[in-house]
Amino acid sequence: MLVFLQVNGNFASTPFSLSNGTVQVYESGFSVVVSTDFGLVVSYDTNHYVQISLTYTYQNTTCGLCGNFNNQPQDDFRTRQGQLVSSDVVFANSWRASGDDEPGCEAQCGGLACAGCTAQQTALYSNTDHCGILSSSSGPFAACHQQLPPQSFADSCLYDLCVGGGYRPILCQALSVYASQCQQNNIRLQSWRRTGFCEIPCPANSHFESEGTGCPATCLNPNSTHNCPLPVQESCICDSGYILSGGVCVPHAECGCSFEGRYYRSGQTVILDENCGRRCSCSYGSMTCHSHERGCRPNSYETCWIRGPGSYQTFDGLTYQYPGACQLTLAKVMGLSSHPNFTVTAEKVPRNQQGFSNVLKFEAEGTQVSIEMEINGKVQVAGQVIRLPFSAGSNGIQIFYSNLRSVIIRTSFGVTVQTVWPHFVRVTAPGVYSGSLGGLCGNYNGRPHDDFRTPNGVLVNSSQDFGDSWRVGSLAAHCVESRGHDPRTDFNSSQYCGILRSPDGPFVPCWSVVDPRQQVDVCVEIMRGSNNPASTLCDVLRDYALMCQQKGVALGQWRNATGCALTCPSNSHYELCGTSCPSACPSLSFPFTCDSVCQEGCQCNSGFILNGDQCVPPTSCGCYHQGRYRESGEQFWDGEQCQSLCTCNGNTGNVHCTPNSCGPQESCRVVEGEFGCHPNPSGTCSASGDPHYFTFDRKAYDFQGTCRYVLVTLCNATDELNQFSVEAKNEALNGLPVSVTAEVFVNVWECTNSLEWKSSIYLCQWISNNCPH
Ligand SMILES: [Ca+2]
Ligand SMILES: [Ca+2]
């Protein structure tokens with residue numbers, strides 16, 4: 001099967017997953033299936049039939065041609081304006097998708113009136129050579145009659161044939177709709193297709209099976225047919241010795257490559273990374289990558305520092321104070337940029353009645369990372385708690401502890417964000433972003449004096465106005481840093497900030513690289529605001545040391561010289577210049593290439609390695625599996641259809657998987673952050689050729705329009721339910737007055753706090769005038 005498939009505007013081939021596995025796209029039978037973790041499954045046969053299955057948690061919340069999902073068929077004709085109507089034409093026309101402006105696509109008639117059958121046609125098309133075969137008690141569909149009365153299907157069939165003038169493919173389509181509904185009810189049918197009657201031509205190296213497996217073997221999952229949880233269905237199945245590779249049957253030996261979360265056919269060559277830095281070729285199962293020279297590489301970097309609380313140094317080197325707010329934009333790409341968009345924000349989130357957590361958020365290319373800047377703080381990617389180190393493979397974002405109190409986010413497009421508890425944030429961006437950034441880190445154009453620009457581009461004078469302009473939401477007093485006042489203390493003295501520029505102090509080697517006079521001023525500002533000068537001074541000096549180390553300067557033992565000796569947690573010790581990529585469970589070698597400069601901080605003792613933010617002996621480790629860390633002994637499901645159940649062996653660091661599958665009443669999806677087999681309560685809605693509609697509440701109706709329509713969406717946005725929509729475009733079939741579902745659009749919104757993004761999956765038949773080529 002060849003299907004045209006776009007994800008967020010980019011071509012894609014099945015199977016693949018989006019947003020950390022919460023959206024799965026794969027092939028089953030003649031259909032492409034989009035399955036989400038929140039209980040939405042959209043299956044499209046890329047010809048005429050789309051079926052939507054939705055979990056019961058969405059009861060009474062849906063709108064569109066699929067009805068309101070409240071178990072009552074009689075109230076399904078509710079228009080977009082909320083009015084209950086009796087006319088299917090009025091109802092369906094109201095659900096034309098917004099933005100669809102094709103002229104002349106509105107339906108002109110409703111129900112059977114559109115068909116205009118003559119008595120002669122009715123007689124002919126009702127015989128057992130035509131639609132009558134559906135209700136014939138001696139015909140191939142008889143086994144299904146008791147479970148699924150054939151009358152409404154036979155009526156639809158008659159209707160289609162009248163409209164289509166007896167065109168044979170329409171008959172075959174009508175019969176196959178009933179057949180597939182029967183198979184979904186686990187009823188085994190006799191073979192109703194025969195030579196010369198509704199035969200299905202299969203592509204090269206495959207053959208037709210009326211009861212083919214719903215989980216065909218693919219190169220990625222050669223054993224997927226075992227314990228297949230899906231009902232059998234009509235399929236073109238690969239001949240013996242062949243296997244599915246990206247929708248085509250190939251000899252087993254010609255399987256392609258699974259690489260960074262995507263599947264590539266053998267012989268395929270792709271350019272990867274945002275800067276086109278890698279050219280990779282798949283050859284017989286193995287992917288080889290070489291650096292690709294045509295892309296532009298950053299040749300300079302600048303760094304913005306946020307030191308706490310409320311002290312900033314922009315990319316262009318301007319320093320200022322801003323006491324803060326609950327949510328602040330530190331850096332983001334402004335306007336249109338040919339380089340990847342990213343946003344760095346800092347938030348204060350209430351943690352308990354007294355305290356707040358500082359949360360650093362990073363968003364790029366549809367991936368959201370949030371890090372609680374505290375001991376045992378959670379790290380989340382796309383709303384799911386993850387363990388470090390983690391790589392969001394296809395989009396090249398790596399997240400790892402650089403020491404016990406610091407996390408680094410590194411991207412393939414050169415942006416690096418580091419946080420050190422509890423306040424410190426470092427944002428480093430390559431020179432390609434010069435002049436195109438905004439936020440509290442400034443506009444990055446090399447000129448410090450014009451950094452106070454608001455989101456509208458207005459230059460303001462005061463740091464307060466500037467900071468407020470990058471504040472999200474209202475100003476809540478509890479998020480503003482409280483300022484202590486001790487005017488009597490001279491923080492310029494070498495007892496305090498003066499140590500930074502003292503010729504006898506430990507920081508002299510850094511002077512030529514980070515101007516100490518400016519930093520003393522910053523330090524004094526911070527100290528004046530502090531309620532705990534001793535500990536704040538150590539943080540300020542630590543920040544200066546980190547700035548120096550970032551620029552490659554080697555410092556002496558400054559902590560001992562300043563009374564700032566660090567107490568490290570158990571099994572760890574202080575290092576002045578430790579690795580930024582410490583060994584972490586489960587492998588003694590770091591999972592990514594390490595090219596970061598050394599850093600001061602707590603590092604694990606010899607014989608111990610990082611497990612999350614604790615130092616443990618290697619035997620207490622978990623496993624690193626497909627970009628994710630698993631605890632020792634943890635059991636988890638694997639495969640886009642939960643084909644395996646896996647266990648992490650902490651002693652070896654290996655994951656052992658055995659074939660498995662979900663039970664008959666379960667489906668493979670993510671529930672409350674957990675991917676696996678979960679109970680499968682759902683309703684189904686479908687639109688099939690002509691098109692005929694069945695709502696979630698099993699109301700059947702026909703509708704002739706050829707516009708783009710909303711099949712299902714949420715009536716009202718809520719916090720509890722994931723938002724999504726499924727739209728379908730109908731198209732006249734081969735110039736006949738019959739229409740089919742020609743294109744399907746699946747939109748999935750994901751929300752994390754106030755941030756929101758959308759994945760659009762677009763499906764249509766490959767060989768079709770509908771598809772953009
Ligand atoms: Ca209803
Ligand atoms: Ca500037």
Side-chain angles (χ1 to χ4, degrees), residues 303-313 321-331 344-362 369-380 385 388 399-409 416-427 440-441 467 476-484 522-523 525-547 549-550 559 562-569 572 574 578 580 599-603 610 612-614 753:
T303 298
C304 165
W305 312 86
I306 294 93
R307 301 155 57 180
S311 176
Y312 296 80
Q313 177 166 337
Q321 303 284 316
Y322 175 68
C326 291
Q327 191 179 339
L328 291 167
T329 302
L330 301 182
V344 188
T345 51
E347 287 182 34
K348 290 189 182 200
V349 180
R351 190 156 51 98
N352 50 41
Q353 283 178 322
Q354 282 85 37
F356 282 83
S357 295
N358 289 321
V359 178
L360 179 76
K361 293 198 172 174
F362 178 78
V369 181
S370 94
I371 299 168
E372 285 177 11
M373 296 162 64
E374 60 196 28
I375 290 166
N376 296 322
K378 282 183 194 150
V379 179
Q380 297 196 6
V385 176
L388 302 184
I399 313 161
F400 53 94
Y401 283 102
S402 69
N403 63 46
L404 288 176
R405 289 175 184 157
S406 170
V407 168
I408 290 180
I409 303 169
T416 305
V417 180
Q418 179 182 14
T419 162
V420 184
W421 318 164
H423 291 289
F424 179 91
V425 178
R426 164 175 77 85
V427 182
L440 293 174
C441 283
H478 54 255
C479 289
V480 178
E481 296 295 344
S482 61
R483 317 264 298 165
V522 170
C523 173
E525 279 290 325
I526 294 175
M527 294 301 290
R528 283 197 184 130
S530 169
N531 295 314
N532 183 351
S535 111
T536 302
L537 179 67
C538 290
D539 282 347
V540 172
L541 300 183
R542 189 267 323 267
D543 296 347
Y544 184 77
L546 285 176
M547 294 168 87
Q549 288 185 319
Q550 178 67 23
R559 282 190 181 269
T562 55
C564 288
L566 202 57
T567 315
C568 286
S572 71
Y574 175 76
S580 295
Q599 291 188 337
E600 70 118 46
C602 294
Q603 299 280 357
L610 264 182
D613 59 358
Q614 291 174 344
N753 290 335

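All values reported here derive from a predicted model rather than from experimental measurement.
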Taking the side chain as everything from C-beta on, heavy atoms only, tell me whether [X] gets closer than 4.5 Å to [Y].
X	Y	result
Ile409	Thr419	no
Arg426	Val417	no
Leu546	Arg542	yes

Check whether the side chains of Gln418 and Ser406 place a donor and an acceptor atom closer than 3.5 Å, and report yes or no.
yes
Using only heavy-atom distances, determine whether the side chains of Gln599 and Ser402 contain a donor-acceptor pair under 3.5 Å.
yes
Check for a donor-acceptor pair, side chain of Asn358 on one end and backbone N or O of Pro422 on the other, with a separation under 3.5 Å.
yes
Does Ser370 offer a backbone N or O that forms a donor-acceptor pair with the side chain of Gln380 under 3.5 Å?
no
Can you give me the closest heavy-atom contact between [X] and [Y], atom names plus distance?
X	Y	result
Tyr574	Cys568	N-SG, 3.6 Å
Cys304	Ile306	SG-CD1, 3.8 Å
Leu328	Tyr312	CD1-OH, 3.6 Å
Arg307	Val540	NH2-CG1, 3.5 Å
Asn403	Cys602	CB-O, 3.4 Å
Thr567	Arg405	O-NH2, 3.6 Å

Report the C-alpha separation of Trp421 and Val407 in whole Å, then their side-chain angles, then the decisive distance to 0.1 Å, and conclude whether the side chain to side chain contact (heavy atoms under 4.5 Å, CB included) test is met.
CA-CA 9 Å; Trp421 318 164; Val407 168; 3.6 Å; yes
Can you tell me how far the [atom1] atom of [X] sits from the [atom2] atom of [Y], to the nearest 0.5 Å?
X	Y	atom1	atom2	result
Gln327	Thr345	CD	OG1	5.5 Å
Asn531	Thr536	CG	OG1	8.0 Å
Leu360	Glu372	CG	CD	11.5 Å
Ser357	Ile371	OG	CD1	13.0 Å

Residue pair Leu537, Met527: steps toward the side chain to side chain contact (heavy atoms under 4.5 Å, CB included) verdict
CA-CA 7 Å; Leu537 179 67; Met527 294 301 290; 3.9 Å; yes
Side chain to side chain contact (heavy atoms under 4.5 Å, CB included) between Gln313 and Asp543, intermediate numbers included
CA-CA 12 Å; Gln313 177 166 337; Asp543 296 347; over 6 Å; no
